[in-house]
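Convention: sequence-line order gives letters A, B, ...; per-chain numbering from 1.
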Amino acid sequence: MKDTVTQLLEAAIAALQADGVLPADQTFTPNVDNTRDKAHGDFATNIALATAKAAGKPPRQLAEALIDKLPASKAVQKVEIAGPGFINFFMSDASSFDIVRTIIESGENYGRNDNGQGESVQIEFVSANPTGPLHVGHGRGAAIGDCLARLLQANGYKVSREFYYNDAGAQIDNLALSVQARAQGKTPDDEGWPADGYRGDYIIDVAKAYLAGETVTADDREVTAKADAGDLDAIKAFAVAYLRREQDLDLKAFGVEFDVYFLESSLYSGGKVEETVRMLTDNGYTYEKEGATWLRTTEFGDDKDRVMRKTDGGYTYFLPDVAYHLDKWRRGYTTVINEQGADHHSTVTRVRAGLQALKTGIPQGWPEYVLHQMVLVTRSGEEVKLSKRAGSYVTLRDLIDEVGRDATRFFLAARRVDSQLTFDIDLARSQTNENPVYYIQYAHARICSVLRKLGAEGVQVDRQALAERLDGLALEEERDLANRLAQYPELIANAAAQREPHHVTHYLRDLAGQFHTYYNAHKVLVEDESIRDARVALCLAVQQVLVNGLSLIGVGAPEEM
RNA sequence: GCGCCCGUAGCUCAGCUGGAUAGAGCAACGGCCUUCUAAGCCGUGGGUCGUAGGUUCGAGUCCUACCGGGCGCGCCA
């Protein structure tokens, strides 16, 4: 409907250009906004204000000229000039309620578009190393990354979800030593416990399973324990598989699945690290200093050069990172989004600098980063810092077990990524209107209940037929609902383009609120069949949008509460 | 000290590429169930948008400086 207004304005602008009122050598793109205040109609444009200068006319006078040239349209009921020169559009009832038919006919496709035109996009997220259970921060990353993936899919992109992890570095050695120590019966405070060993209780589980000769199957590997506490390599392989499986189980419980698991070790075994070093060296961006090899990242905006090969001959983490991203580029992804915690912010400049130094035509701002800020967990107003299993942090599993998958996903996706998030366990657990998850789900359940009642009265719900029976809609609350529903596709396009999943949760909250208001003020199943059918159709449309929106954040839409 | 992020109602947060008197929920107070689920609805109060300048027809939104909080500043990932 906004498109209709935009087209009308474009026609008017063209007419004014033909008349010489507006310069013909410039392009004017009308900006059409949803109004905040209903007194301003359904849509408003500031085009007269924006072009007043170019036209050399006062905005209000220009607005009048524009209105004069607007083509006639059944969709528009009234047009007004307001304030300093805004043009307000009041849409006709019929055109406002037409969205209900569109939604019922489109079903789960309502809100989807083909902006992406099938382009392949890769999203890397979570990417936790297999050294322990996933923590809340990983949970936020999982919620945001997966929601972004679903949003992009809804916008016509082909999305690949990728999980990158290090299965071979110093941290993995440390993990193996920790498991070995537990297998030998040592505890973290004993003599001989590895320095910086992992102290969490989960290490005990790994050690027990190893000694018991268990076989573990993760999404990307399967390993049978050798049960020999002296074989560090065997322990390492088993511990990695064990913790990978545990992470997979947590992610599955969270409703998140990956298409690709990428191992840092494969970059070494496949010669990709060496190749990257050679390219950087050949391009003349490396130098030796103090026994190490450095990369001139300052050539590409970094504030100091970085070591890429340590004095001990090993590489710093950032070199495989560059090799990894070169690999992503060669896989053909022109759009790559990395979702990470903001504590890794410093790698952004470094990785991009390394990629520039390769001189392979990778664009400067590639890849994209979505960085989320820290998560603070509270209970009874107090910060929760520990979990029994992990020791030093709150795990994702703790939250899922305590507040459920739906609430956890919703809360972790509900805030802008660049602000810190306080996860209030009491609020997430509460089954009252304080809790937005239940509030939204309740709206859906109420609609289901109305439909059940209708069915119990012996009325068949024929969606297609109901979609044509909208004449009975006329109430103010109904128009408000229809207008809100009409905004959904734009929301989906915007949230995806801006990489801002939190808009979805806010929209659903608003939509549910408007529905509850309507539901309480007016009865759906009234005697007059014409009105009843129209209201049922509206309910079907609201239900559809609630389902579509909830599915984007991976939250269920229960039929009963 | 340098870099990035944040600062909007008592609390938790929205505010779409600058737009018309700044919004929502919770908390507080007062109402609404013989009617499709009260896990709901209606009403009332509550603000120098951290501070000071600047840009312009117009700034919560853009620029600069400062104040306050978080994160990062490793030959750790």
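Across all strands shown, A:Arg36 has heavy atoms under 4.0 Å from base atoms, whether or not it also approaches the sugar-phosphate. At the heavy-atom level, A:Glu560 lies under 4.0 Å from base atoms of the strands shown. In this structure, A:His345 reaches the sugar-phosphate backbone alone: every heavy-atom distance under 4.0 Å involves primed, P, OP1 or OP2 atoms, never a base. If you check every strand for non-hydrogen atoms under 4.0 Å, A:Gln441 touches nothing. Among the protein residues, A:Ala495 comes within range of no part of the nucleic acid, since none of its heavy atoms lies under 4.0 Å from any strand. At the heavy-atom level, A:His344 lies under 4.0 Å from base atoms of the strands shown. Here A:His522 lies in heavy-atom contact (under 4.0 Å) with a base.
Aromatic ring centroids of A:His503 and A:His506 lie 6.0 Å or more apart. The ring of A:Tyr369 has its center no closer than 6.0 angstrom to the ring center of A:His345.
Nucleotide B:A38 has no partner under the Watson-Crick or G-U criteria, as no pair reaches both atom distances under 3.5 Å. Using Watson-Crick or G-U wobble geometry with both donor-acceptor distances under 3.5 Å, B:C13 finds its partner in B:G23. When both pairing distances are held under 3.5 Å, B:G72 makes a Watson-Crick or G-U pair with B:C2. A 3.5 Å limit on both hydrogen-bonding distances identifies B:G54 as the Watson-Crick or G-U partner of B:C62. Across all strands shown, B:C67 is found opposite B:G7 as a Watson-Crick or G-U wobble partner, with both distances under 3.5 Å.
A 4.5 Å side-chain heavy-atom check between A:Thr347 and A:Tyr317 finds at least one atom pair inside the cut-off.
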Q: Show the numbers, then the answer: is there a salt bridge (charged side-chain N to carboxylate O under 4.0 Å, His left out) between A:Arg416 and A:Glu500?
A: CA-CA 7 Å; A:Arg416 285 171 50 200; A:Glu500 290 178 343; 5.8 Å; no
Q: Evaluate salt bridge (charged side-chain N to carboxylate O under 4.0 Å, His left out) for A:Glu402 paired with A:Arg379, printing each intermediate quantity in order.
A: CA-CA 11 Å; A:Glu402 189 163 357; A:Arg379 179 191 279 118; 2.6 Å; yes
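Nucleotides B:C4 and B:G45, compared at atom C1', are 40 Å apart to the nearest Å. The separation of B:U17 from B:G68, taken at their C1' atoms, amounts to 30 Å, rounded to a whole angstrom. Comparing B:A77 with B:C6, their P atoms are spaced 29 Å from each other, to the whole Å. Taking the C1' atom of each, B:C73 and B:C49 are spaced 32 Å apart, rounded to whole Å. Annotation: B:G15 and B:A28 have their P atoms spaced 27 Å apart (nearest Å). Between B:A24 and B:G72, the distance separating the two P atoms is 37 Å to the nearest Å. When the C1' atom is used for both B:U61 and B:G23, the distance is 15 Å, rounded to whole Å. B:U56 and B:G18 have their P atoms separated by 16 Å, with the value rounded to a whole Å.
Set against B:G25, B:A77, B:A38, the side chain of A:Arg509 has B:G25 as its closest nucleotide. When the nucleotides B:C41, B:C36, B:A39 are ranked by their closest atom to the side chain of A:Tyr438, B:A39 comes out on top. Which of B:C75, B:G70, B:A39 sits closest to the side chain of A:Gln420 comes down to B:G70. Closest to the side chain of A:Lys523, out of B:C41, B:A38, B:U35, is B:U35. Of the listed nucleotides (B:A77, B:G74, B:U12), B:A77 has the atom at the smallest distance from the side chain of A:Tyr317. Between B:A38, B:C36, B:U12, one nucleotide has an atom nearer to the side chain of A:Thr422 than all others, and that is B:U12.
The interatomic distance linking A:Leu481 (CG) with B:C41 (P) rounds to 13 Å, in whole Å. If you measure from atom OH of A:Tyr198 to atom P of B:A77, you get 11 Å, rounded to the nearest angstrom. In this entry the distance linking CG of A:Asn46 with P of B:C16 reads 14 Å, nearest Å. The interatomic distance linking A:Asp303 (CG) with B:G74 (C1') rounds to 13 Å, in whole Å. What separates CZ of A:Arg452 from P of B:C36 is a distance of 13 Å, to the nearest Å. When rounded to the nearest whole Å, the span between CG of A:Asp510 and P of B:G25 equals 9 Å. To the nearest angstrom, P of B:G70 lies 15 Å from CG of A:Asp343. Rounded to a whole Å, the CD1 atom of A:Ile144 is 14 Å from the C1' atom of B:C5.
Between A:Arg350 and the phosphate of B:C73, there is no side-chain N or O to OP1/OP2 separation shorter than 4.0 Å. Checking the phosphate oxygens (OP1, OP2) of B:G74, no side-chain nitrogen or oxygen of A:Thr316 falls inside 4.0 Å. Regarding contacts with the backbone of B:C76, a side-chain N or O of A:Lys310 is found under 4.0 angstrom from either OP1 or OP2. The side chain of A:Thr293 contributes no N or O atom lying less than 4.0 Å from OP1 or OP2 of B:C75. Of the side-chain N and O atoms in A:Lys53, none sit less than 4.0 angstrom from OP1 or OP2 of B:U56. For B:G15, the OP1/OP2 oxygens have a side-chain nitrogen or oxygen of A:His503 closer than 4.0 Å.
The pair A:Asp173-A:Lys236 meets the salt-bridge criterion, since a charged nitrogen lies less than 4.0 angstrom from a carboxylate oxygen. The pair A:Glu162-A:Lys328 does not count as a salt bridge, with every side-chain nitrogen at least 4.0 angstrom from each carboxylate oxygen.
Where stacking is scored as ring centres under 5.5 Å apart with planes under 30°, A:His502 does not register as stacked on the base of B:A14. The aromatic ring of A:Phe86 is not stacked on the base of B:G19, since the criterion of ring centres less than 5.5 Å apart with planes inclined by under 30° is not met.
In terms of heavy-atom proximity, A:Phe28 sits nearest to A:Ile47 at CB-CD1, 4.5 Å.
Judged by atom type and distance alone, A:Asp37 does not reach the base of B:A22 through any side-chain donor-acceptor pair under 3.5 Å. A donor-acceptor contact under 3.5 Å links the side chain of A:Thr311 to the base of B:C75.
Comparing A:Phe318 and A:Arg415 by the nucleotide of RNA chain B whose heavy atom lies nearest to each, the residue mapping closer to the 5' end is A:Arg415. When each of A:Leu427 and A:Ala292 is assigned the nucleotide of RNA chain B with its nearest heavy atom, A:Leu427 is the one assigned upstream, toward the 5' end.
B:C33 has its base syn relative to the sugar, with a glycosidic angle deviating from 0 by at most 90°.
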